[in-house]
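Have a look at the structure below, then the notes.
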Amino acid sequence: YDSVTLSQLTEEQSRLYNNLFRDLSSKYFASAPWPAPTSIAADCNGDPLFLAFYRELTHRHWHAVSRPSLRDRMEGWDVYRELFDELLEGAEEDSTSSQPKLFILPEWAFDILHEFVYQFQGFCQFRTSLYNSANKHGLVSPRDINEGAADGGDAPAANTSKKGPPHHVVENLALMREDAARDVWSVDTVMYYLHRLADIGTSPKCTVPAYQYFGIFASVALSRLECLLTDYSGSLAALAPVLENSTTMVAKADQESKTFSEVINGVFSARLSLTYHAGISFLMLRRYKDAATTVGELCSYMQRGFKTGQLRQMPNSEQLYKNYDRMIALLAICTNICPQSNLVEESIAKTIREKHGVQLSKEAYTELFVFCAPKFISPAIPDFFVSGPVENVYKQQVQLLEQELKDQTVFRDLRSYLRLYTSIPTSKLVKFGNEEQTLPSLKLRMRQLESNNPAVPSLEDASLKSALDIHYYVEKTSADGSNDEIVHVDEAEKQRRFENYFFGQITQSYEIRKEANSINTTV
């Protein structure tokens, strides 16, 4: 309470949040919830905002160590609504105050908003799963009771199995049929909170670090949410107030001033979330080069971090390995579709070949996408009284990717022939098994938007460019009276780059020196 409202010291709060709270949780509350907010209200003068922070922190811990029930998930909605309502009350005045009443760490702000979207995602998945179970056990009627009686049918539909439906399904179904349940984890309200926090925190008028942190990471969380809802343009647009703002600084007396991008890079989990979901969005928008350059840079950083042990010391390091593997699979798709040199570092290209070489040789893009894609969700609320089909958003996205990449085998075959010639008649290409319309189709499909600044994933600041590694054009000729067309091929100039090799050797030399210095040479 003192570090949040009174002393507001960064180092002190970092020790309490990152070390002490985790140690106490693992020691005393490994399988039990923390005390309720009412039991500690006297120690913080009953401050409603701090009690809301405490309630969220302890609820997040309990959600992580237990198997949350439907009531726990619905309680989570009340927890976050209370916190954000308290935070937004008078936020426009407090965010510009010269004497801020609140300070929290950037990683704490990110953890709150990340968990907020995570619990919304979990609730949507739970709701869909419950509706499927209710359909399976005949707990929802396929039609009106009167209609069923009129034609002699049974209404509602009964479970035909000898064994009755599970008790938890019946109980959860009754809970979801209550009127109050329709407003729980409403996507409109979730979006409202994230947009409101982002608008306040990223405004040039905002000068209080706590609100700026919430604004920055609300944009990151909103980008993730839009990606999960399959609005990929919205996912990239949500990042614009943060990544394209290079003038507004986050300033505090006991720490150095930082730009919004530096704040995100300072919280590795936020950087990972931003990069991964931006990469997925670029892939689904057919911007393969942007996906490869965005994700490839972070994969290179993580690869070096795993070697030096820097990332292995972070909490949840196992999850970092999983995310790294998913991004490598994403890069495997992008670099195989868009086979340009120097898209990723040689070490990453080698990892792609080692991990997914067999899948790429079979062009098993669907298998790679299923491995690397997030768990997409639908915000639609099922009618728990009437049976009906459930929209499977995940399968829809897989089918969209399959539809987009179905011609890649034909394109790769055509590219392999074009690379062998400087000019070739179209009739000869047709004899090799290529269709004539594949030539313009390849050129059109590989013409895509590309960010003008590779360091900033952007929806707007982009221009149309060709992602092909060869250039060709078709010219009509009637010299021999055949009226055939000649394809002229001009392979793109290869740029020889040596910096990746030198960086690799420097890193290897550093590791050898580090190991040599650790050897005890005392005689």
Side-chain angles (χ1 to χ4, degrees), residues 113-114 117-118 120-121 124-125 187-188 190-191 194-195 198 217-244 264 270-298 323 326-327 329-335 337-338 343 365-366 368-380 391-406 408 445-465 467:
L113 293 162
H114 187 76
V117 175
Y118 173 75
F120 170 72
Q121 179 187 16
C124 290
Q125 292 169 339
V187 66
D188 294 334
V190 171
M191 288 282 195
L194 292 176
H195 277 289
F217 296 121
S219 297
V220 176
L222 184 60
S223 173
R224 175 191 175 197
L225 178 58
E226 295 282 17
C227 181
L228 295 176
L229 295 174
T230 69
D231 183 359
Y232 305 112
S233 298
S235 177
L236 296 175
L239 299 173
V242 175
L243 298 184
E244 297 177 12
I264 294 175
R271 182 185 176 188
L272 179 61
S273 175
L274 184 155
T275 303
Y276 169 69
H277 292 99
I280 292 290
S281 298
F282 278 135
L283 171 67
M284 299 305 288
L285 290 172
R286 205 158 51 84
R287 294 173 59 174
Y288 307 122
K289 285 185 70 175
D290 282 341
T293 52
T294 301
V295 177
E297 182 183 357
L298 182 61
N323 288 328
R326 290 164 72 187
M327 290 193 293
L330 173 60
L331 284 175
I333 298 173
C334 296
T335 54
I337 297 172
C338 182
L343 266 183
Y365 298 121
T366 301
L368 288 169
F369 183 70
V370 167
F371 176 72
C372 74
K375 295 179 181 178
F376 300 106
I377 54 175
S378 171
E391 184 181 19
N392 193 322
V393 184
Y394 189 86
K395 285 185 178 179
Q396 283 183 352
Q397 300 308 302
V398 173
Q399 289 169 358
L400 282 174
L401 187 82
E402 288 176 343
Q403 183 71 18
E404 178 64 35
L405 303 184
K406 67 178 182 178
Q408 285 302 315
R445 293 284 285 276
M446 295 307 289
R447 187 166 175 79
Q448 56 193 245
L449 284 172
E450 186 177 339
S451 294
N452 295 325
N453 182 1
V456 180
S458 175
L459 181 68
E460 301 294 339
D461 186 21
S463 54
L464 275 172
K465 297 179 182 179

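This one's a predicted model, so the numbers in the text were calculated from it and none came from an experiment.
- Atom NZ of K375 has 12 or fewer neighbouring heavy atoms from other residues, nucleotides or ligands inside a 6.0 Å radius.
- The two residues C227 and I280 come nearest to each other via the heavy atoms SG-CG2, 3.7 Å.
- Ring geometry, Y394 versus F376: the interplanar angle falls from 30° to 60°, so the pair is classed tilted.
- Taking every heavy atom of both residues into account, V393 and S378 meet most closely at CG2-CB, 3.3 Å.
- For the pair S451 and F282, the minimum side-chain heavy-atom distance is below 4.5 Å.
- In terms of the side-chain contact (heavy atoms from CB on, under 4.5 Å) criterion, residue partners of P379 (sequence neighbours excluded) are, by chain and number, V187, L229.
- Within the model, atoms CG of L405 and OG1 of T366 stand 7.5 Å from one another, a figure rounded to the nearest 0.5 Å.
- Pairs engaging residues 284-297 under the salt bridge (charged side-chain N to carboxylate O under 4.0 Å, His left out) rule: R286-E404, R287-D290, K289-E450 [sequence neighbours left out].
- The closest side-chain heavy-atom distance from Q397 to Y232 is below 4.5 Å.
- The side-chain heavy atoms of F369 and L283, taken from C-beta on, include a pair separated by under 4.5 Å.
- In this structure, the side chains of L401 and M284 come closer than 4.5 Å at one or more pairs of heavy atoms.
- Legend: residues meeting side-chain hydrogen bond (donor to acceptor under 3.5 Å, both in side chains) with R271, ordered by chain and number and at least two apart, are absent.
- For S233, there are no side-chain hydrogen bond (donor to acceptor under 3.5 Å, both in side chains) partners, not counting sequence neighbours.
- Residues forming a side-chain contact (heavy atoms from CB on, under 4.5 Å) with Y118 (at least two apart in sequence, or on another chain): H63, E115, Q121, R224.
- Between atom OG1 of residue T293 and atom CG of residue L298 there is a gap of 12.0 Å, rounded to the nearest 0.5 Å.
- Summarising the geometry, atom CG belonging to L222 is positioned 4.5 Å from atom NE2 belonging to H195; distances are rounded to the nearest 0.5 Å.
- Residues L400 and T230 are not in side-chain contact: their nearest non-hydrogen atoms beyond the backbone lie 4.5 Å or more apart.
- Partners of S235 by side-chain hydrogen bond (donor to acceptor under 3.5 Å, both in side chains), not counting sequence neighbours, listed by chain and number: S223, S281.
- Nearest heavy-atom pair, C338 versus L343, reported as atom, atom and distance to 0.1 Å: O-CD1, 3.3 Å.
- Taking NZ of K406 as the reference point, atom CD of E402 lies at 11.0 Å (rounded to 0.5 Å).
- Contact detail for S219 and A198: the closest heavy-atom pair is OG-CB, 3.7 Å.
- Across all their heavy atoms, A291 and G279 have their closest contact at CB-O, 3.7 Å.
- No side-chain heavy atom of Y276 sits less than 4.5 Å from a side-chain heavy atom of N323.
- Here A270 pairs with F110, F217, I264, V267 under the side-chain contact (heavy atoms from CB on, under 4.5 Å) rule; sequence neighbours left out.
- Note that CG of L236 is 9.5 Å distant from CG of L274, once rounded to the nearest 0.5 Å.
- How far CG of L368 is from CD1 of I333: 5.0 Å, rounded to the nearest 0.5 Å.
- Heavy atoms only, all atoms of each residue included: R326 and F371 are closest at CG-O, 3.7 Å.
- Annotation: side chain of V220 is not in contact with side chain of V242 (no heavy-atom distance under 4.5 Å).
- Put simply, the side chain of L194 reaches to within 4.5 Å of the side chain of V117, judged on heavy atoms.
- With sequence neighbours excluded, no residue forms a side-chain hydrogen bond (donor to acceptor under 3.5 Å, both in side chains) with N392.
- Applying the side-chain contact (heavy atoms from CB on, under 4.5 Å) test to A240 and every residue at least two apart in sequence or in another chain returns E244.
- Using modelled atom types, one side-chain atom of Q448 and one backbone atom of Y288 make a donor-acceptor pair closer than 3.5 Å.
- For residues 272-281, no residue pair satisfies the salt bridge (charged side-chain N to carboxylate O under 4.0 Å, His left out) rule, not counting sequence neighbours.
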